[in-house]
Amino acid sequence: QQLVNSGVQLNLGSPRGSVNLTYGTDYDLIYSGNIVDPGTTAFINAGTYRFAIALKGTYAAEGFTLSSSGAATLVIEPKPLTITGTTVNSKVYDGTTNATWNLGTVTGYLNNERLTVNVTGAFANKNVGSYSITPTYTLVDLAAVSGVHNGGLARNYLASSGIALSASIDKADLTITGGKVYDATTSVVGSGLTAVGVGSERFALTGSGHAANLSSANVGTHLSLIHI
């Protein structure tokens with residue numbers, strides 16, 4: 001961004017009135033303690049730059065001074081990026097609201113710059129169901145890679161939240177465990193079984209059992225449950 005400065009006036013009082021000041025002759029712009037040349041000094045990165053206006057030449061020699069209003073501000077807004085094609089995966093119930101995202105295509109960079117773009121967003125609830133999730137994008141500075149891209153500063157770009165996407169949490173399988181004392185049958189009552197879910201989740205089973213619950217009536221371990 002080339003700095004363009006104009007329209008600075010100084011009120012000399014009666015009877016001289018106000019005069020238009022000429023940059024370089026009547027005043028300088030000062031930024032961070034240094035004189036700025038608005039015709040050649042480039043301010044590139046997004047941000048708000050505050051400049052002091054310092055009188056010089058004839059009017060400074062005559063003893064005129066500027067109040068605190070004698071200042072100029074330059075604002076460089078971050079450039080919006082466009083992100084298309086981002087998707088979110090449905091998942092099997094795992095006891096969390098975590099969602100897995102697939103970042104889409106990012107366009108809008110200048111001068112072969114690039115950033116690291118992270119996408120996040122969680123399910124509103126950990127339980128099974130259908131959900132609408134809005135992606136949130138975070139931009140991170142990226143160092144240049146010679147011959148590939150020029151890197152970039154995250155402050156110079158803006159990535160707005162995307163549109164809401166649909167995803168679901170599907171039911172997880174249970175692991176059924178239990179045992180009984182040998183009784184020459186393949187039936188096992190529900191109270192003898194435990195359903196093991198995700199993490200520390202456990203469920204009791206009830207019922208009278210089925211004649212063909214187990215694959216064998218004989219004593220053994222790791223017998224298959226063939227009917228629940």
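- Legend: residues meeting side chain to side chain donor-acceptor pair (under 3.5 Å) with Lys180, ordered by chain and number and at least two apart, are Asp183, Thr185.
- Taking all atoms of both residues into account, the shortest heavy-atom contact from Asp141 to Ala154 is OD1-N, 2.6 Å.
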Practice task
Check step by step if side chain to side chain contact (heavy atoms under 4.5 Å, CB included) holds for Phe51 and Thr73.
Solution key: CA-CA 6 Å; Phe51 303 90; Thr73 301; over 6 Å; no

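- With contacts defined as side-chain heavy-atom distances shorter than 4.5 Å, the pair Lys126/Thr96 does not qualify.
- Thr48 has its side chain out of reach of Glu77: every pair of non-hydrogen atoms, C-beta onward, lies at least 4.5 Å apart.
- Among pairs with a residue in residues 115-124, none fulfils side chain to side chain donor-acceptor pair (under 3.5 Å), at least two apart in sequence or across chains.
- Between Thr97 and Asn125, every side-chain heavy-atom pair lies at or beyond the 4.5 Å cut-off.
- Between atom CG of residue Leu139 and atom OH of residue Tyr157 there is a gap of 10.0 Å, rounded to the nearest 0.5 Å.
- Distance check: Leu193 CG to Phe203 CZ gives 14.5 Å after rounding to the nearest 0.5 Å.
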Exercise for the section: For Val128 and Asp170, run side chain to side chain contact (heavy atoms under 4.5 Å, CB included): C-alpha distance rounded to whole Å, both residues' side-chain angles, the deciding distance at 0.1 Å, then the answer. Expected result: CA-CA 5 Å; Val128 169; Asp170 302 319; 5.8 Å; no

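- Ala99 approaches Gly121 most closely through the heavy-atom pair CB-O, 3.3 Å.
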Handout entry: CA sep, side-chain torsions, deciding dist, call: Phe123, Asn98, side chain to side chain contact (heavy atoms under 4.5 Å, CB included)
Key = CA-CA 6 Å; Phe123 289 92; Asn98 298 338; over 6 Å; no

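- Applying side-chain contact (heavy atoms from CB on, under 4.5 Å) to Trp101 and the options Thr86, Thr136, Asn89 leaves one that passes, Thr86.
- A donor-acceptor pair is defined here as one N or O able to donate and one able to accept, closer than 3.5 Å; no such pair exists between the side chain of Asn111 and the backbone of Glu113.
- Atoms CD1 and CD1, from Ile133 and Ile163 in turn, are 13.0 Å apart once rounded to the nearest 0.5 Å.
- Both Leu205 and Leu214 belong to a single network of hydrophobic side chains, linked directly or stepwise wherever heavy atoms of I, L, V, M, F, W or Y lie under 4.5 Å apart.
- Proximity of a side-chain donor or acceptor of Asn213 to a complementary backbone N or O of Val188 within less than 3.5 Å is detected.
- In this structure, Arg155 and Tyr49 approach most closely via the heavy-atom pair NH2-OH, 3.7 Å.
- Two residues are said to be in side-chain contact when any heavy atoms from C-beta on lie closer than 4.5 Å; Asn150 and Tyr109 fail this criterion.
- Val92 and Val88 are assigned to two separate hydrophobic clusters, defined by single-linkage of ILVMFWY side chains at heavy-atom distances under 4.5 Å.
- Taken together through direct or relayed side-chain contacts under 4.5 Å among Ile, Leu, Val, Met, Phe, Trp and Tyr, Val106 and Leu165 form part of one hydrophobic cluster.
- For Asn34 and Ser32, the side-chain atoms include no donor-acceptor pair closer than 3.5 Å.
- Across all their heavy atoms, Val198 and Ala172 have their closest contact at CG2-CB, 4.2 Å.
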Practice task
Please test Ile53 against Leu29 for side chain to side chain contact (heavy atoms under 4.5 Å, CB included), starting from the C-alpha separation and ending with a verdict.
Solution key: CA-CA 5 Å; Ile53 300 177; Leu29 292 179; 3.7 Å; yes

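- Here CD1 of Ile30 is found 14.0 Å from CZ of Arg50. Values are rounded to the nearest 0.5 Å.
- Inspection of the Asn156 and Asn45 side chains reveals an N or O donor paired with an N or O acceptor under 3.5 Å.
- Grouping the Ile, Leu, Val, Met, Phe, Trp and Tyr side chains by contacts below 4.5 angstrom, directly or via other members, places Leu174 apart from Val189.
- Taken to the nearest 0.5 Å, the OG1 atom of Thr186 stands 9.0 Å off from the NE2 atom of His210.
- Between Thr194 and Ile176, every side-chain heavy-atom pair lies at or beyond the 4.5 Å cut-off.
- Side chain of Lys79 to backbone of Gly108: a donor-acceptor contact under 3.5 angstrom is found.
- The OG1 atom of Thr175 sits 9.0 Å away from the CZ atom of Arg202 when rounded to the nearest 0.5 Å.
- Hydrophobic clustering (side-chain heavy atoms under 4.5 Å, transitive across Ile, Leu, Val, Met, Phe, Trp, Tyr) groups Tyr93 together with Tyr131.
- Scanning all heavy atoms of the two residues, the minimum distance from Ser90 to Ser168 falls at OG-N, 3.0 Å.
- Heavy atoms of other residues, nucleotides or ligands lying less than 6.0 angstrom from CG of Leu110 number more than 12.
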